[in-house]
Amino acid sequence: MHIAFLDANTDRSAFAARHASEVDKFRALLAPVAPDWRYSDFKVTEGALPASLKGFDGVIVSGSPASVNDAEDWVPGLMATIRKAVDAGVPVFGACFGHQAVAKALGGVVAHNPDGWVLGRVETVNHSPAPWMRDAPATMALNAAHNEQVVTPPPGATVLGGTAQVPNAQLAIGNTVFTTQYHPEITRDFMADLITHLNGEVPAPVLAGAQAALPLSLDDALMARWIAAFFNAN
């Protein structure tokens, strides 16, 4: 499997430099279930995009502190690449910003969370699991870090799961689009450092809740299996 990895991370801070790159986070997440996959990393914020999707078996769109509604000059190119992939039948997975970018590129609407920041461990209801979500539990726990969400899914999308606060948290379109508002690639250590990094930007009660949830279990390995099953089914 050869994946075109579209890295949308705009963070160039010392915090970001202390941690793995976006592609390496996903490589580590997926290594136990897809050890032989190859990733071509495109820094889309610097204008790097695949000239062609021929030869790629899938696309992953990363998270980012940027907003899909920003008037940044790199965003339209990312959106166009997402649409090209979908039009060509190349399977696309997106996480957090990637979830929002795919939704907006395909006609959905992204806006600020009505209740503000969502940070740390979130339990989501899997009310309509896709075929690749085998053995889906009623709820699953993943890390989150966002203050925007998909408020209107794109035409033809199925809402796979969500919460009262974020109802459109996981989406699919047919068998070739799978997105999540969450961050299965974020480790506990990264989240702990992120909580500190966001001090002063995120309300103190949200930070405290995220800190308190750090010892609790996450379903990252389950999501990794679903991501691999999604791509392998295409």
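Given the structure is predicted, the values throughout are model-derived calculations rather than measurements. Heads up: numbering here begins at 1 and tracks the sequence.
Remark: the backbone N or O of I3 is not paired with any side-chain donor or acceptor of D57 at under 3.5 angstrom. For the pair D70 (side chain) and S67 (backbone), a donor-acceptor distance under 3.5 Å is present. N69 places a side-chain N or O within donor-acceptor distance of the main-chain N or O of V110, the cut-off being under 3.5 Å. Judged by distance alone, the side chain of D11 and the main-chain N or O of P65 form no donor-acceptor pair under 3.5 Å. Proximity of a side-chain donor or acceptor of D219 to a complementary backbone N or O of A141 within less than 3.5 Å is detected. A donor-acceptor contact shorter than 3.5 Å links the side chain of W226 to the backbone of R134. Side-chain N or O atoms of N126 include one that pairs as donor or acceptor with a backbone N or O of P137 at under 3.5 Å. Counting only distance, with no hydrogens or angles, the side chain of S64 and the backbone of A66 share a donor-acceptor pair below 3.5 Å. Looking at R83, its side chain does come within 3.5 Å of a backbone N or O of A105 through a donor-acceptor pair.
Closest of all the heavy-atom pairs between A212 and P215 is O-CD, 3.3 Å. For T180 against L142, the heavy-atom pair with the smallest separation is OG1-CD1, 4.5 Å. The heavy-atom pair separating A136 from P129 by the smallest distance is CB-CB, 3.9 Å. Shortest non-hydrogen contact noted between G58 and V90 is CA-CG1, 3.7 Å. Between P154 and A103 the shortest heavy-atom distance is CB-O, 3.7 Å. Scanning all heavy atoms of the two residues, the minimum distance from M191 to A144 falls at CE-O, 3.5 Å.
One finds the OG1 atom of T163 at 11.0 Å from the CD atom of E123 (value rounded to the nearest 0.5 Å). Atom-to-atom distance recorded for C96:SG and Q149:CD is 11.0 Å, nearest 0.5 angstrom. Note: T158 OG1 to L160 CG = 6.5 Å, rounded to the nearest 0.5 Å. Residue T81 holds its OG1 atom at 7.0 Å from CG of L53, rounded to the nearest 0.5 Å. We find the NE2-CG distance between H197 and L207 to be 11.5 Å, quoted to the nearest 0.5 Å.
Relative orientation of the F231 and W37 rings is perpendicular, given thresholds of 30° and 60° on the angle between their planes.
Sequence neighbours left out, the pairs with a member in residues 132-174 that pass ring pair (Phe, Tyr, Trp, His ring centres under 6.0 Å) are W132-F178, W132-F230.
Under the 6.0 Å cut-off for aromatic ring centres, F93 and F5 do not qualify, their centroids lying 6.0 Å or more apart.
Checked by atom type, the side-chain pair Q181/Q100 shows a donor-acceptor distance below 3.5 Å. Side-chain contact, T187 with D189: no donor N or O sits under 3.5 Å from an acceptor N or O. Remark: the T124 side chain and the Q170 side chain contain no N/O donor-acceptor pair separated by less than 3.5 Å.
For H2, the ring-ring contact (aromatic ring centres under 6.0 Å, His included) test picks out F56, with sequence neighbours left out.
At a threshold of 4.5 Å between side-chain heavy atoms, the hydrophobic network of Ile, Leu, Val, Met, Phe, Trp and Tyr places I186 and V206 in one connected group. A single hydrophobic cluster is seen to contain both W74 and I82, as judged by linkage of ILVMFWY side chains at heavy-atom distances under 4.5 Å, directly or through other members. Under the 4.5 Å side-chain contact rule for hydrophobic residues, W117 and F15 share a cluster. Note on V159: it does not cluster hydrophobically with M223, by side-chain heavy-atom contacts below 4.5 Å among ILVMFWY residues. The hydrophobic cluster containing I173 also contains L6, counting ILVMFWY residues as joined when their side-chain heavy atoms lie under 4.5 angstrom apart, directly or transitively.
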*For V86 and L106, what are the C-alpha separation, side-chain angles and deciding distance, and is it a side chain to side chain contact (heavy atoms under 4.5 Å, CB included)?*
CA-CA 9 Å; V86 172; L106 301 179; 4.1 Å; yes
_Quick one, V122 with Y182, criterion side chain to side chain contact (heavy atoms under 4.5 Å, CB included). Give me CA distance, side-chain angles, the key distance, then yes/no._
CA-CA 8 Å; V122 174; Y182 304 114; 3.7 Å; yes
*For V177 and L171, what are the C-alpha separation, side-chain angles and deciding distance, and is it a side chain to side chain contact (heavy atoms under 4.5 Å, CB included)?*
CA-CA 8 Å; V177 172; L171 303 174; over 6 Å; no
*Take R188 and L214, measure what side chain to side chain contact (heavy atoms under 4.5 Å, CB included) needs, and give me the verdict at the end.*
CA-CA 7 Å; R188 183 173 284 105; L214 281 174; 4.2 Å; yes
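Crowding of H127 atom NE2: a count of heavy atoms from other residues, nucleotides or ligands under 6.0 Å exceeding 12.
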Could you give the side-chain donor-acceptor pairs of residues 20-31 under 3.5 Å, partners two or more places apart or in another chain?
{"from": "S21", "atom 1": "OG", "to": "D24", "atom 2": "N", "distance (Å)": "3.2"}
{"from": "S21", "atom 1": "OG", "to": "D24", "atom 2": "OD2", "distance (Å)": "3.3"}
{"from": "E22", "atom 1": "OE2", "to": "N9", "atom 2": "ND2", "distance (Å)": "3.1"}
{"from": "E22", "atom 1": "OE2", "to": "K25", "atom 2": "NZ", "distance (Å)": "3.0"}
{"from": "D24", "atom 1": "OD1", "to": "R27", "atom 2": "NH1", "distance (Å)": "2.3"}
{"from": "K25", "atom 1": "NZ", "to": "A20", "atom 2": "O", "distance (Å)": "2.8"}

